[in-house]
Amino acid sequence: MLAHDDVTAALTRLTGDEKHDRSSYSTLDVLRVLFDRVLGPDDRFMLSKGHGPAAFYAVLAAKGLIPADALDGFGSFDSILGYHPDRTLVPAAGIGSGSLGHGLPIAVGSALAGRRVVCLVGDAELDEGSNWEAVQYAGRIGLASLTAVVIDNRSSTYHWPGGVEARFALEGWTATVCDGRDHDAIARAFADATGERPHVVVAEIVE
Amino acid sequence: MTMRSRFYELAAQALEDDERVALVTAEIGVAELPRHPRHFNVGIREQLMISVAAGLALEGMRPVAHSYTPFLVERPYEQLKLDLGHQDVGAVLVST
């Protein structure tokens with residue numbers, strides 16, 4: 001279990017203009033629960049919403065998945081920790097991110113190969129139509145090894161009438177909405193996956 | 001024999017010869033290619049076709065993606081660039 005102090009200490013070492021992006025902290029609690037209580041050693045995690053990676057790097061450092069010393073050089077030329085994670089430098093990122101709308105479709109391919117995959121996306125990222133190709137296909141074929149987690153901090157300009165979860169459910173996914181700051185609630189939301197259909201966790205962040 | 005029909009024969013054979021080979025299609029060629037547990041037809045979703053190929057490659061498979069040229073290259077151009085190139089994974093792309 002991650003000690004609170006470990007993550008706080010790691011966050012303190014990350015400095016620079018990029019650090020205080022609100023998107024950095026919206027993911028923090030979900031990432032802690034994922035790496036502490038959800039992901040198994042053979043599972044793959046894909047960080048699709050790669051911008052604002054400070055919380056992600058802090059959790060990886062606290063878990064020993066990147067060297068803590070790397071935190072000091074965050075975003076510098078020689079650092080392995082870029083403003084978007086690169087899977088070739090930080091394998092725990094799962095993919096190299098940048099443009100939005102790529103992680104979930106790649107996760108579908110990984111799941112088709114038999115891997116259990118969890119992919120993190122943002123609610124505004126879902127504006128990108130490429131995500132819906134993935135949601136539709138995964139839902140219709142019942143791709144049970146795929147789990148998506150949507151960090152819903154209401155940052156999408158046009159919003160999702162009826163809630164993000166309704167869009168996934170329509171396509172055949174199971175869906176659980178939870179408080180994105182409540183660790184036990186987040187863990188329970190992931191545990192709702194039935195093993196028969198893809199599952200989405202919508203983690204609501206009230207800022 | 002056309003190039004397409006030759007490809008369909010070879011792709012079917014490759015599926016049998018190597019269990020790492022997977023076919024990814026978006027309706028084009030589905031009638032000519034075998035139904036197979038490693039043939040994934042994603043429907044008319046070309047961006048997903050390339051992304052799925054990338055995900056399969058990340059897991060160590062050898063994906064072959066196929067469609068008509070504009071649907072293999074121009075529609076999913078960013079997926080070719082980022083999901084294959086930027087992830088440092090490979091796929092065989094076959095157009096006509």
Q.
For R181(A), is the CZ atom crowded, meaning more than 12 foreign heavy atoms sit under 6.0 Å from it?
A. yes
>> Can you tell me if L65(A) has over 12 outside heavy atoms packed within less than 6.0 Å of its CG?
In response: yes
Turns out that what part of A107(A) lies under 4.5 Å from chain B's heavy atoms comes down to neither
Rounding to 0.5 Å, atoms OG1 (T88(A)) and CG (D88(B)) come to a distance of 6.5 Å
Answer with yes or no whether the side chains of H102(A) and E78(B) bring together a donor and an acceptor at under 3.5 Å. yes
Can any side-chain N or O of [X] pair as donor or acceptor with the backbone N or O of [Y] at less than 3.5 Å?
X	Y	result
R115(A)	L56(B)	no
E133(A)	L48(B)	yes
E59(B)	G114(A)	no
R87(A)	Q87(B)	yes

Applying a strict 4.5 Å limit to non-hydrogen atoms, the region of L82(B) in contact with chain A is side chain
Looking only at Q79(B), M61(B), R38(B), the option with the highest number of non-hydrogen pairs under 4.5 Å against chain A is Q79(B)
Note: N41(B) and Y137(A) closest approach over all heavy atoms is O-CE1, 3.5 Å
Heavy-atom closest pair (Q47(B) atom, S130(A) atom, distance to 0.1 Å) is OE1-CB, 3.6 Å
Interface check, chain B: of G129(A), G98(A), G103(A), A113(A), most non-hydrogen pairs under 4.5 Å belong to A113(A)
